[in-house]
Novice: 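Structure below; questions to follow.
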Amino acid sequence: MAGRDASEEYGEYLKGYARILANASATGRRLTRSELDSRRALGEQAAEAGLGLRVMVGAHMAATREHWPARGDVSVDDVLGAMAQAVDAFAEGYERAQRLAVRQEEAARREFIDDLLYGRSDLGRLAQRAERYGLRLSYEHAVAVARGTVAYEEGDTVLREVEQALIGRFGDRSILLTTKDGRLVCIAPGDQSEVLVHFAKQAFSATGGGQVGIGRPQPGAAGVVQSYEEALNALDLGERLELDEPVLHAADLLVYPVLTRDRQAMADLVDNTLGPLRGARGGAQPLLDTLTVYFDSGCVSAEAARRLSLSVRAFTYRLERIHQLTGADPSDPVHRYTLQTAVIGARLLDWPTKPN
């Protein structure tokens, strides 16, 4: 690149440079504050215009050759020193503008994600903003949410690790990966379930065994909100029901929201069915745990006894005690359904720890 070409092509961002070079190198002085500020301002303008910093450093070097002081007594070190100060200030302004642009982009992305997951903003405008991030909200999308032992934020190594794994496997498939309230969130097209399955696998590994909830595919912007809430509810149910599966699909847990839709009816069922267990020695919790393990074991007494580290005889005695107190026989199919529903309700309502 010839010096004349640099002055012509990038003259707007080299404004005043020849004068500064001549004045500073004539005496070997350092650039003044105002001279440095002018270089920083031009660096910011170059960054905002999308020019590369490497190109602009080259332009400064070419301009230095073009405007090299004609006086024979000017020191080479003084000229190069003035150039170095000018370029350094220019780069400082350039990098400052880039950092500001990154922060603004991050803020815009975070605002979009909040609006998307909370269902805020005008739907038309939200759809337009979504295209910028690779989402077409006219299609179906499903959301997966992963939680670990700690809270995660944008820029965490865990998020980058999962993102790299997804990109390496699927490339750019209109996938949006982010964090929300300390959890990892992945939004993917509803017809690409393999993306969320792989996300769940990678998130489980990256978070050290964290649990993942996956919502059902839903259409439109409102569908993203619904799928996100389903994923969160799946995680909440997993915690309350002590489900240890690494991946919880909302579609597999639909019975639980149905059971709790009428909270008062469920509370009445729990109190009427299990309330008498409060009169047992040690309270209701040991016998409630007995029923929980019994049902989780497929109503096989030997397996349930093993899980509770009891003899089969001791476990059978507990079942008989439950029958005596409640009047419901866990081994009877009709009574069993009522007891199992009440046990599920107790776990969802955190009974008997919390009063209904």
Novice: Quick check against the 3.5 Å criterion: does Glu95 have a side-chain atom that pairs as donor or acceptor with the backbone of Gly43?
Specialist: no
Novice: Rounded to the nearest 0.5 Å, what separates atom CG in Leu310 from atom CG in Leu308?
Specialist: 5.0 Å
Novice: Hey, which of Glu230, Glu229, Arg183 is the one that makes side-chain contact (heavy atoms from CB on, under 4.5 Å) with Val145?
Specialist: Arg183
Novice: Is it true that the side chains of Tyr139 and Ser174 contain a donor and an acceptor less than 3.5 Å apart?
Specialist: no
Novice: Does the side chain of Glu161 come within less than 4.5 Å of Gln202's, by heavy atoms?
Specialist: no
Novice: Going by atom types only, do Ser75 and Asp77 share a side-chain donor-acceptor pair under 3.5 Å?
Specialist: no
Novice: Is the number of heavy atoms from other residues, nucleotides or ligands under 6.0 Å of Glu245 CD greater than 12?
Specialist: yes
Novice: Is it true that the side chains of Arg321 and Gln324 contain a donor and an acceptor less than 3.5 Å apart?
Specialist: yes
Novice: Verify the cluster assignment for Leu348 and Val270: are they in a single hydrophobic cluster under the rule of side-chain heavy atoms below 4.5 Å apart?
Specialist: yes
Novice: Taking atom NE2 of His60 and atom CG of Asp88, what is their separation to the nearest 0.5 Å?
Specialist: 11.0 Å
Novice: Going through the distances and angles, do Thr207 and Tyr152 end up as a side-chain contact (heavy atoms from CB on, under 4.5 Å)?
Specialist: CA-CA 10 Å; Thr207 60; Tyr152 304 105; 3.4 Å; yes
Novice: Just wondering, do Met266 and Ile344 contact through their side chains at under 4.5 Å, heavy atoms?
Specialist: no
Novice: Flag the pair Leu291 / Pro330 as yes when at least one side-chain heavy-atom distance between them is below 4.5 Å, and no otherwise.
Specialist: yes
Novice: Between Arg306 and Glu303, does a salt bridge (Lys or Arg N to Asp or Glu O under 4.0 Å) hold up when you go through it step by step?
Specialist: CA-CA 5 Å; Arg306 185 190 65 79; Glu303 174 60 19; 2.6 Å; yes
Novice: Just how far is it from atom CG of Asp329 to atom CG of Leu319, taken to the nearest 0.5 Å?
Specialist: 8.5 Å
Novice: For Asp332 and Arg336, run salt bridge (Lys or Arg N to Asp or Glu O under 4.0 Å): C-alpha distance rounded to whole Å, both residues' side-chain angles, the deciding distance at 0.1 Å, then the answer.
Specialist: CA-CA 6 Å; Asp332 182 279; Arg336 183 187 302 158; over 6 Å; no
Novice: Identify the two heavy atoms, one from Val247 and one from Ala200, that lie closest to each other, and give their separation to 0.1 Å.
Specialist: CG2-CB, 3.8 Å
Novice: Check Leu21 against Ala82 and note the closest heavy-atom contact, atom names and distance.
Specialist: CD1-CB, 4.1 Å
Novice: Could you tell me whether a side-chain N or O of His335 sits under 3.5 Å from a main-chain N or O of Ala328, the two making a donor and an acceptor?
Specialist: no
Novice: Just by modelled atom types, is the Leu42 backbone N or O under 3.5 Å from a matching donor or acceptor in the Tyr13 side chain?
Specialist: no
Novice: For the OG atom of Ser38 and the NZ atom of Lys15, what is their distance to the nearest 0.5 Å?
Specialist: 10.5 Å
Novice: Counting only heavy atoms not in Arg307, do more than 12 fall under 6.0 Å of its CZ?
Specialist: yes
Novice: Could you go step by step and tell me if Gln226 and Gln218 meet the side-chain contact (heavy atoms from CB on, under 4.5 Å) rule?
Specialist: CA-CA 7 Å; Gln226 184 176 349; Gln218 304 287 354; 3.5 Å; yes
Novice: For the hydrophobic clusters of this structure (ILVMFWY residues joined by side-chain heavy atoms under 4.5 Å, transitively), does one cluster hold both Phe170 and Leu135?
Specialist: no
Novice: Answer yes or no: is there a side-chain heavy-atom contact under 4.5 Å between Pro352 and Gln285?
Specialist: yes
Novice: Hey, does Val212 have a side-chain heavy atom less than 4.5 Å from the side chain of Pro246?
Specialist: no
Novice: Tell me, which pairs form a salt bridge (charged side-chain N to carboxylate O under 4.0 Å, His left out) where one or both residues lie in residues 35-49, sequence neighbours left out?
Specialist: Arg29-Glu35, Asp37-Arg40, Arg40-Glu92, Glu44-Arg96
Novice: Starting at CG of Leu184, measure out to CG of Asp156 and round the result to the nearest 0.5 Å.
Specialist: 8.5 Å
Novice: For Gly215 and Ala142, work out which heavy atoms get closest and say how close.
Specialist: O-CB, 3.9 Å
Novice: What pair of heavy atoms forms the shortest contact from Ala63 to Leu14, and how long is it?
Specialist: CB-CD1, 4.1 Å
Novice: Strictly distance-based, threshold 3.5 Å: is any side-chain N or O of Arg160 a donor or acceptor partner for the main-chain N or O of Gly155?
Specialist: yes
Novice: Check whether Val225 and Leu117 end up in the same hydrophobic cluster, where Ile, Leu, Val, Met, Phe, Trp and Tyr are linked by side-chain heavy atoms less than 4.5 Å apart.
Specialist: no
Novice: Considering all heavy atoms of both residues, which atom of Ala304 and which atom of Phe315 are nearest to each other, and what is their separation?
Specialist: CB-CZ, 3.4 Å
Novice: First locate atom CD of Gln85, then atom OG1 of Thr32, and finally report the distance between them rounded to the nearest 0.5 Å.
Specialist: 10.0 Å
Novice: Answer yes or no: are there more than 12 heavy-atom neighbours, outside Glu105 itself, under 6.0 Å from its atom CD?
Specialist: yes
Novice: What do the steps show when you test Tyr228 against Lys180 for side-chain contact (heavy atoms from CB on, under 4.5 Å), and what is the final call?
Specialist: CA-CA 11 Å; Tyr228 173 64; Lys180 185 63 181 170; 3.3 Å; yes
Novice: Between Val158 and Ile187, is there shared hydrophobic-cluster membership here, with clusters defined by ILVMFWY side-chain heavy atoms closer than 4.5 Å?
Specialist: no
Novice: Let me see the working for Asp236 and Arg240 under salt bridge (Lys or Arg N to Asp or Glu O under 4.0 Å), right down to the final yes or no.
Specialist: CA-CA 6 Å; Asp236 181 59; Arg240 290 156 66 186; 2.7 Å; yes
Novice: Can you give me the closest heavy-atom contact between Leu126 and Ala221, atom names plus distance?
Specialist: CD2-CB, 4.0 Å
Novice: Tyr133 vs Phe112 aromatic rings, parallel, tilted or perpendicular, using cut-offs 30° and 60°?
Specialist: parallel
Novice: Going through the distances and angles, do Trp351 and Leu274 end up as a side-chain contact (heavy atoms from CB on, under 4.5 Å)?
Specialist: CA-CA 9 Å; Trp351 184 93; Leu274 303 178; 3.6 Å; yes
Novice: Hydrophobic clustering (ILVMFWY, side-chain heavy atoms < 4.5 Å, transitive) - are Val300 and Tyr294 grouped together?
Specialist: no
Novice: When you measure from the side chain of Ser227 to the backbone of Gly223, do you find a donor-acceptor pair of N or O atoms at a distance under 3.5 Å?
Specialist: no
Novice: Please evaluate residues Glu154 and Arg110 with respect to the criterion salt bridge (Lys or Arg N to Asp or Glu O under 4.0 Å), reporting the C-alpha separation (whole Å), side-chain torsions for both, the decisive distance (0.1 Å), and the verdict.
Specialist: CA-CA 9 Å; Glu154 297 286 345; Arg110 174 51 56 190; 2.9 Å; yes
Novice: Does some side-chain heavy atom of Pro286 sit less than 4.5 Å from a side-chain heavy atom of Leu277?
Specialist: no
Novice: Contact between Leu166 and Glu163 at the side-chain level, heavy atoms closer than 4.5 Å - yes or no?
Specialist: no
Novice: Distance-only, no hydrogens or angles: does the Tyr17 side chain make a donor-acceptor pair with backbone N or O of Thr64 under 3.5 Å?
Specialist: no
Novice: Mind checking whether Thr179 and Val185 have side chains closer than 4.5 Å, heavy atoms only?
Specialist: no
